[in-house]
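Since the structure comes first, as structure tokens, the remarks are kept for the end.
We count ligands from 1, going down the list as the structure has it; atoms in each ligand are counted the same way.
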Amino acid sequence: MQQPKQILKEIYGYDEFRPKQLEVIEHTLSGQDSVVIMPTGGGKSVCFQIPALIFKNVTLVISPLISLMRDQVEALKASGVQAAYFNSSQSDFDKRLIIDDCLENKIKLLYLSPETLVHAFESWLKNIPVSFIAVDEAHCVSMWGHDFRPEYGQIKALRSHYRNMPFMALTATADKITRKDISTQLDLVNPQLFLSSFNRENLNLAVRSQVPKKQKEKEIINFLHARQDEAGIIYCLSRKECEKWSSFLNSNGFNARHYHAGMDSSNREAVQDGFINDNYTIICATIAFGMGIDKSNVRWVIHNNLPKNIEGYYQEIGRAGRDGLPSDTVLYYNYRDVVLLNDFVKDSEFKETYQEKIRRILNYAEATSCRRNILLSYFGEFNEEPCNNCDVCKNPPEFIDGKTIAQMALSAIMRTNQQIGVNLLINILRGAKTMDLFDHGYHKLKTYGVGKAHSFVDWQHFMNQMINLGLIEIAYDDYLKLKVTQAGDEILRTSKPFQLSKPTIAKKSEKAKNTKKVAASNPDDALLDALKSYRKGVAQQNKVPAYVIFHDATLTEIASRKPKNEFELLEIQGMGKVKLDRFGGMILKLVDENRSPNKKSKKSTIDETFTLYQDGLSVEEMAQERNLSPTTIYGHLCKLYEDDRPIDLNRYVTEFEVNQVKQARKAQRNTNQLRPIYDQLKGDVDFHKIALALTILSKYH
Ligand code: ADP
Ligand code: ZN
């Protein structure tokens, strides 16, 4: 019998087990049941696949998602494992072939969807000797989980038939009731619980609160510019928002698609496939996206709104960085989200539970201590050390005496009879001259203008904290009006000291400093590109996503270590024996071709445009030469110009036109948006020229 560790190396190409994997495997090999809870990307598959390879007969894997099933089976086959899946999407002929293979004991792992299970079991399946049963996404069996699927109820029937073999339930969702319910619903026998840490250190956590729409757009554009060609997902609450974001990003030169439940299934599939195969990198999606995908190189996740609970949020950010490389997550939220979410659940029979969950995620969003520790404590893990990879740790708050500030705010709320929302309150405190304020006579209040010394943004920061600390409540069911709580009343009327954290200026993107590819020190870009395009070819030939062939991390390691022979190649993480046989020769050849000593390292895409510019090509010619759109080329030119490279933008836009844009911009309240300027000029100057003119104006004027 082969040892688990040997299999890990030969099939998967990994040297070491991750925490808990080996224990789970050995427990199963001894014939016992288990419940395995690991975060997304934690490495659950190995836990059941290795025992399956050791057991004599077939292992059944129950899994609800056809696309995931297919990916896992393809990945196993690529590593030389006999695996197959069986689901309702297949033709009778295909099914027949699989059944025959099973009857001849040619299959080690058979994946089944729950709805095919009962029928299969009543007919051919019962004649086949089975060794072990694994139930993936096991939370689907529980009403308490967040994704209950009635078909999962069928699995229990298996237990009575397969009495003497190990069952394993696997999930990434960990709350206690669900955990217990899983073992009841599946009739597990004395299952051992394996709970691996939910800490995903490679995910950077950041939250942005109450950011106005325009600024949010700007921030996201900057964020994406720093991550050209890196795949990511923007999660939105509504379908409309998905579509808006995707068209906004496309009009800014990015390659984005939307994805939501309102699209027909062939459209959805096309979008998903395009993302998986790296044809486009940005998906604006409702939470429906991501369930069925295993893409390992998602580098970032943005939430456009507050998610409805921490479980869902954690799963969604967990879709980034499954390959273990540094990845970024940003959550944007504002109080409107809270109103909307509460509105969704107000008629539910579980209203209270849902509302409590909304409160918990809001607390997370408003935290002034390490965010990761808050998340981990939600899942029952307690950590004292700050993580140093969240926005709070990187920019820890400094505390100041907040007594006067709090009293100003609290007394202004009281003096308006608790009838106003946050923005109006801040305007009163800052002595603003707005219509609604005068209409209500609020300019006559004693507190009018007492808080002038602090900016609007600072006040927002203080208000968030006071709400978070429970001095003030927001009436979500009453137009977001502010109410002073008992704790607030105490601050207002007593001399009890009170501290607030000082507003901090958000640091510039941390990206350049800290992240970038821990796995490999210095990958050769040209080699990496060559490896990726080789991988793409193989993937297309086999009709599977690229990451099924090799993960990015594996290619990156090859591109930096440049193995000279098969032995060295086998040292690379993710390179198993079968893959070495199938792809090793070609990979070594590519490495060799890229070894020539004086080879120029690959230029960045912008530098390539610069070379063509220096050669005197027109924009159209450059676009054609580079197989890019003219819009992208214009974008490159602007960037080069901003970076102080010797670029003469007046080749493409005249002084006169720049002046026209300048005037139109002024008439449009100094907007930096193209559309209003274009309209103002009645279409006289085209969009590209406006963009160029704005670049020039923002530099010198
Ligand atoms: P999950 O199903 O828990 O979301 P997977 O089983 O898909 O996670 O594993 C996530 C990634 O981690 C995969 O790319 C897998 O190959 C990799 N992985 C699993 N176990 C190990 C290990 N022991 N060493 C290195 N990588 C591993
Ligand atoms: Zn932290």
Side-chain angles (χ1 to χ4, degrees), residues 4-5 7-9 11-25 36-50 61 63 65 68-69 71-76 78-79 134-138 168 170-174 194-207 290-298 314-315 318-325 329 364 367-377 383-397 510 519 545-555 557 572-576 579:
K5 192 150 181 195
I7 299 180
L8 184 72
K9 183 67 198 162
I11 304 289
Y12 301 87
Y14 298 131
D15 289 331
E16 298 296 334
F17 280 108
R18 289 190 179 154
K20 299 283 190 308
Q21 283 179 329
L22 186 59
E23 284 119 291
V24 176
I25 293 167
V36 176
I37 299 170
M38 282 185 184
T40 316
K44 286 187 282 299
S45 323
V46 164
C47 296
F48 62 84
Q49 288 174 355
I50 291 188
V61 183
S63 166
L65 298 157
L68 266 189
M69 215 183 247
D71 279 7
Q72 287 212 358
V73 168
E74 295 301 346
L76 283 166
S79 301
V135 182
D136 207 359
E137 311 286 345
M168 182 188 294
L170 303 108
T171 173
T173 317
F194 295 91
L195 182 62
S196 92
S197 171
F198 268 61
N199 195 358
R200 297 273 313 275
E201 287 171 2
N202 61 323
L203 297 185
N204 176 264
L205 308 171
V207 178
M291 275 295 283
I293 61 168
D294 224 345
K295 190 176 169 67
S296 60
N297 64 342
V298 175
Y314 199 73
Q315 253 195 353
R319 295 192 178 121
R322 290 169 76 116
D323 53 11
L325 298 182
T329 75
Y364 165 79
T368 49
S369 63
C370 175
R371 292 197 201 277
R372 191 172 320 268
N373 289 346
I374 295 178
L375 281 184
L376 292 177
S377 80
N383 243 7
E384 299 232 317
E385 291 294 305
C387 78
N388 291 324
N389 196 20
C390 75
D391 52 351
V392 181
C393 284
K394 286 184 173 168
N395 230 348
E510 294 283 333
Y547 59 75
V548 163
I549 308 294
F550 285 115
H551 287 325
D552 284 7
T554 304
L555 298 189
E557 202 182 330
I572 305 281
Q573 296 302 295
M575 181 65 69
K579 289 193 177 170

- request: For ligand 1, indicate whether the residue Y14 contacts it via side chain, backbone, both or neither (heavy-atom separation under 4.0 Å).
  value: side chain
message: Residue-level breakdown please: for P39 versus ligand 1, do any non-hydrogen atoms fall below 4.0 Å on the side chain, on the backbone, on both, or on neither?
response: backbone
In ligand 1, which numbered atoms sit nearer than 4.0 Å to a non-hydrogen atom of [X]?
X	result
E16	22 (C), 23 (N), 24 (N)
F17	23 (N)
H551	13 (C), 14 (O), 16 (O)
S45	2 (O), 5 (P), 6 (O), 7 (O)

Kindly say whether [Y] contributes a backbone atom to a donor-acceptor pair with the side chain of [X] at under 3.5 angstrom?
X	Y	value
Q21	G43	yes
R18	G42	yes
R322	N297	no
D323	A553	no
D391	V207	yes
T40	R319	no

Protein residue, atom and distance nearest to atom 20 (N) of ligand 1, heavy-atom basis: Q21 NE2, 3.0 Å
- request: Do me a favour and list the nearest non-hydrogen protein atom to atom 4 (O) of ligand 1 with residue, atom name and distance?
  value: G41 N, 2.6 Å
task: Kindly indicate whether a cation-pi arrangement holds for K295 with Y547, taking the cut-offs as under 6.0 Å to the six-membered ring centre and within 45° of the axis.
output: no
task: Just go through R18, Q573, M38, Q72 and tell me whose heavy atom is the nearest to atom 12 (O) of ligand 1.
output: R18
field: Shortest heavy-atom approach to atom 7 (O) of ligand 1 - which of K5, K44, R322
entry: R322
field: Side-chain ion pair, K9 and D15, N-O less than 4.0 Å
entry: yes
- request: Using non-hydrogen atoms of the residue, decide whether S296 is closer than 4.0 angstrom to ligand 1.
  value: no
query: To the nearest 10°, what's the angle at the Zn ion (ligand 2) between atoms SG (C390) and SG (C393)?
result: 100°
Backbone or side-chain N or O of G43 under 3.5 Å from ligand 1 N or O: yes
- request: Tell me yes or no: between the side chains of N389 and E201, is some donor less than 3.5 Å from an acceptor?
  value: no
